[in-house]
Amino acid sequence: MASVVLSTTVLTHAAPTTNAVESGASTSTTPTPATTATTGQEAAASAPQASNDTLLAAQLQPSNKALSDANQELLSRNAQLQRQVNDLQTQANVLVYESRGQLFLYGAFTVLISLLVGIFVSWLVFVRRERW
């Protein structure tokens, strides 16, 4: 059971990819070392799967108009996200400048309070000297 699970995961990850050919000619793929290590029964089962994948890919090929519409939608979404990023960067810059301004005000208040305390202490010292 574990060997079957291991071999299927190896096949899905190591399977070569093929591009759909419009002329209908089949493409040959070289087996990878991981696929040659599998049993013959599993290799036979994967061959129809590869051709089905090729046919499915050819059927699901998007049209140029669908690709153009999807591209325009992605470009508009990209522009919208870019505007959001710019707005968020502006908000972050404003917050940084506001915090710097607050720190400046805190420093100014600290200097003012320490100046007032210094004046008060020096006044007390000079008043006591005169009383001696």
Side-chain angles (χ1 to χ4, degrees):
M1 179 68 177
S3 65
V4 172
V5 172
L6 179 63
S7 64
T8 55
T9 56
V10 167
L11 284 176
T12 57
H13 292 298
T17 58
T18 58
N19 293 335
V21 179
E22 289 182 15
S23 65
S26 64
T27 59
S28 65
T29 60
T30 59
T32 60
T35 58
T36 57
T38 61
T39 63
Q41 184 181 20
E42 291 172 357
S46 67
Q49 180 68 24
S51 65
N52 286 341
D53 288 344
T54 305
L55 294 175
L56 183 62
Q59 291 173 356
L60 296 178
Q61 186 72 22
S63 66
N64 287 337
K65 179 163 177 29
L67 287 175
S68 177
D69 291 343
N71 190 23
Q72 288 299 324
E73 181 181 338
L74 290 174
L75 286 173
S76 66
R77 178 77 174 140
N78 187 18
Q80 178 186 7
L81 291 174
Q82 188 63 40
R83 282 191 300 271
Q84 287 178 351
V85 165
N86 290 339
D87 291 344
L88 291 174
Q89 284 178 343
T90 302
Q91 289 176 0
N93 288 338
V94 166
L95 291 174
V96 165
Y97 291 136
E98 284 181 359
S99 67
R100 286 182 183 171
Q102 283 181 341
L103 289 176
F104 178 76
L105 286 177
Y106 291 154
F109 285 134
T110 303
V111 167
L112 181 64
I113 290 172
S114 62
L115 182 66
L116 292 175
V117 168
I119 290 172
F120 179 71
V121 168
S122 65
W123 177 75
L124 285 177
V125 169
F126 286 127
V127 167
R128 288 189 179 174
R129 263 193 198 166
E130 291 176 0
R131 289 183 188 169
W132 288 349

Starting at [atom1] of [X], measure out to [atom2] of [Y] and round the result to the nearest 0.5 Å.
| X | Y | atom1 | atom2 | answer |
| --- | --- | --- | --- | --- |
| Leu103 | Arg100 | CG | CZ | 9.5 Å |
| Asp69 | Leu74 | CG | CG | 11.0 Å |
| Gln91 | Glu98 | CD | CD | 10.5 Å |
| Asn71 | Leu67 | CG | CG | 8.5 Å |
| Ser99 | Phe104 | OG | CZ | 14.0 Å |
| Gln102 | Leu95 | CD | CG | 10.0 Å |

Problem - Ser122 side-chain N/O to Gly118 backbone N/O, donor-acceptor pair under 3.5 Å - result: yes
Practice task
Decide if atom CD of Gln80 counts as having more than 12 heavy atoms of other residues, nucleotides or ligands within a radius under 6.0 Å.
Solution key: yes
Handout entry: Exceeds 12 heavy-atom contacts within 6.0 angstrom, atom CG of Asn64
Key = no
Problem - Salt bridge present between Arg83 and Asp87 (N-O < 4.0 angstrom) - result: no
Exercise for the section: Kindly indicate, with the supporting measurements, whether the criterion side-chain contact (heavy atoms from CB on, under 4.5 Å) is fulfilled by Val121 and Val117. Expected result: CA-CA 6 Å; Val121 168; Val117 168; 4.2 Å; yes
